[in-house]
Amino acid sequence: MSVARLVSALQFCPGGCVFGARASRDPAPSLQSRAFNLLLGLLPHKERLASVEAVQAHVQKLALEPASFEPPDLGGGVEVILTKMGGWPVYYTAPSSGHEGCNYVMFLHGGGYINEIVPAHWRFVGEMTRKAHVCCVVPIYPLAPRATAKDVVPATAELLRMLLEDAGDAKVTVVGNSAGAGLALAACQWLRDHGHPQPSRMVLISPAADASVSRPEQVAIAARDPIQDIPGIVEAGRLYAGELDVGHPFVSPLNGAFRALAPMTIFAGTRDLLYPDSIDLAEKARAVGVPVELHLLREQPHNFALMPTPEGRRARAIILRAVA
């Protein structure tokens, strides 16, 4: 289905549609989500992505003052262990009641490949650990421009390969948001290309699947996106690409092959300038027989699934059922 046809369909599907599962009519966007969109527009997120210069200044600042990646207190019922694998810090979380019989989640955080994991990501990890009774593996992958896709994608895939091997019969789900979702997709493509098994499922939250951000319709969507802007996303993608072209599947996994990948659950909102890529991603995967469930909600912003809104809570409930 083309973007134009899908946008037209959304006019008759208040609040969004689910494709690839049984179709449903969601309620109109909640008052809380509308208020949250207004609040997001008042915060400085978009300013940091408004220009190449803004991104470069932000990256230079982080080089001088690196952000902490340590988890905050994740609350009762969650144990946290820090180790190192392949030279990367890797955190493991497990239910305090014991991890016997637990399934596994590898969580790959967002941040445009230039920003560190943040407390909101950790709260989500804690929620999955506690409520779904899973063990989470959280790699603290190095950021661009110090590290680029040429090294980050194979190293992430190798960590996932080892987790799949160690997990035995337990289910392993890869959950990524934004840039982390793009990294998850690229890592699974690498696993397939090197003859390794796939995880049980990929959960892709507002995936960054095409670093070129070159669709004409994205200009209009960007004007309504309260968080992101095109120049900054393109510059972050260029830094992450390094010596690769931004169209390389490591950087833009939408350009990779989709055959024989794990089933996917995708979340996107129509106030996210990246959402057209989610539609194409779902269509490309389905065309080669990969099961896909696309949750596309009208008027929801980038990463709405992690936000404290009714729509976010419903999305997380779906994710918890998927990973448990």
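All figures in this text were calculated on a predicted structure; none of them were measured in a lab. Nothing fancy with the numbering, it's 1 onward along the sequence.
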Check: [Y] and [X] side chains under 4.5 Å, non-hydrogen atoms:
X    : Y    : result
L38  : L42  : no
T129 : L74  : no
P308 : F36  : yes
C188 : L160 : yes
M307 : L40  : yes
L296 : S278 : no
P154 : E158 : no

Between atom [atom1] of [X] and atom [atom2] of [Y], what is the distance when rounded to the nearest 0.5 Å?
X    : Y    : atom1 : atom2 : result
L274 : I233 : CG    : CD1   : 5.0 Å
R298 : S33  : CZ    : OG    : 10.5 Å
E235 : H58  : CD    : NE2   : 12.5 Å
L143 : I117 : CG    : CD1   : 10.5 Å
S206 : D277 : OG    : CG    : 11.5 Å
H133 : E100 : NE2   : CD    : 9.0 Å

Please determine whether the number of non-hydrogen atoms from other residues, nucleotides or ligands lying under 6.0 Å from atom [atom1] of [X] exceeds 12.
X    : atom1 : answer
K131 : NZ    : no
H99  : NE2   : no
I81  : CD1   : no

Please report the shortest heavy-atom distance between [X] and [Y], naming the atom on each side.
X    : Y    : result
N255 : G247 : ND2-O, 2.9 Å
H109 : Y141 : O-OH, 2.6 Å
R34  : A28  : NH2-CB, 4.3 Å
I114 : L62  : O-CD1, 3.4 Å
A179 : G111 : CB-N, 4.2 Å
L164 : L191 : CD1-CD1, 4.1 Å

Report task. Applying side chain to side chain contact (heavy atoms under 4.5 Å, CB included), run through V125 and Y91 and close with a yes or a no. Result -> CA-CA 11 Å; V125 169; Y91 284 91; over 6 Å; no
Whether [X] side chain and [Y] backbone form a donor-acceptor pair below 3.5 Å:
X    : Y    : result
H248 : D245 : no
W122 : F69  : yes
Q198 : A262 : yes
D229 : K46  : no
E293 : T265 : no
S96  : V78  : yes
R201 : T173 : no
K150 : F250 : no
R192 : A257 : yes
Q218 : R215 : yes

Would you say [X] and [Y] are hydrophobically clustered, going by side-chain heavy atoms of ILVMFWY under 4.5 Å?
X    : Y    : value
L49  : V52  : no
V323 : V80  : yes
L163 : M85  : yes
V288 : L185 : yes
I227 : L39  : yes

Report task. Could you label the plane-to-plane angle of the H194 and W190 rings as parallel, tilted or perpendicular, counting under 30° as parallel and over 60° as perpendicular? Result ->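 The arrangement is parallel - the two ring planes meet at less than 30°.
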Report task. Fit a plane to each ring of H295 and F267, take the angle between them on a 0 to 90° scale, and name the class: parallel (under 30°), tilted (30 to 60°) or perpendicular (over 60°). Result ->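 Geometry flag for F267 against H295: parallel rings.
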Requested in this report: Please lay out, stage by stage, how M128 and L320 fare under the test side chain to side chain contact (heavy atoms under 4.5 Å, CB included).
Outcome: CA-CA 6 Å; M128 287 192 288; L320 292 176; 4.0 Å; yes
Query raised in the report: Just one of R286, K284, E283 clears the side chain to side chain contact (heavy atoms under 4.5 Å, CB included) bar with F258, so which one?
Result: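 The side chain to side chain contact (heavy atoms under 4.5 Å, CB included) with F258 is passed solely by K284 among R286, K284, E283.
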Report task. Begin with the C-alpha distance, continue with both residues' side-chain angles, and end with the deciding distance and a verdict on side-chain hydrogen bond (donor to acceptor under 3.5 Å, both in side chains) for E243 and T148. Result -> CA-CA 8 Å; E243 63 189 53; T148 62; over 6 Å; no
**Report entry** Intermediate values then yes/no, side chain to side chain contact (heavy atoms under 4.5 Å, CB included), V152 and Y113
**Finding:** CA-CA 10 Å; V152 172; Y113 303 111; 5.9 Å; no
Query raised in the report: Are E165 and R161 within salt-bridge range, i.e. N to O under 4.0 Å?
Result: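 R161 and E165: salt-bridged.
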Query raised in the report: After noting the C-alpha distance and the side-chain angles of T156 and W88, does the key distance pass the side chain to side chain contact (heavy atoms under 4.5 Å, CB included) rule?
Result: CA-CA 10 Å; T156 302; W88 295 2; 3.4 Å; yes
Query raised in the report: Taking it one step at a time, do D272 and Q300 satisfy side-chain hydrogen bond (donor to acceptor under 3.5 Å, both in side chains)?
Result: CA-CA 7 Å; D272 178 356; Q300 295 306 306; over 6 Å; no
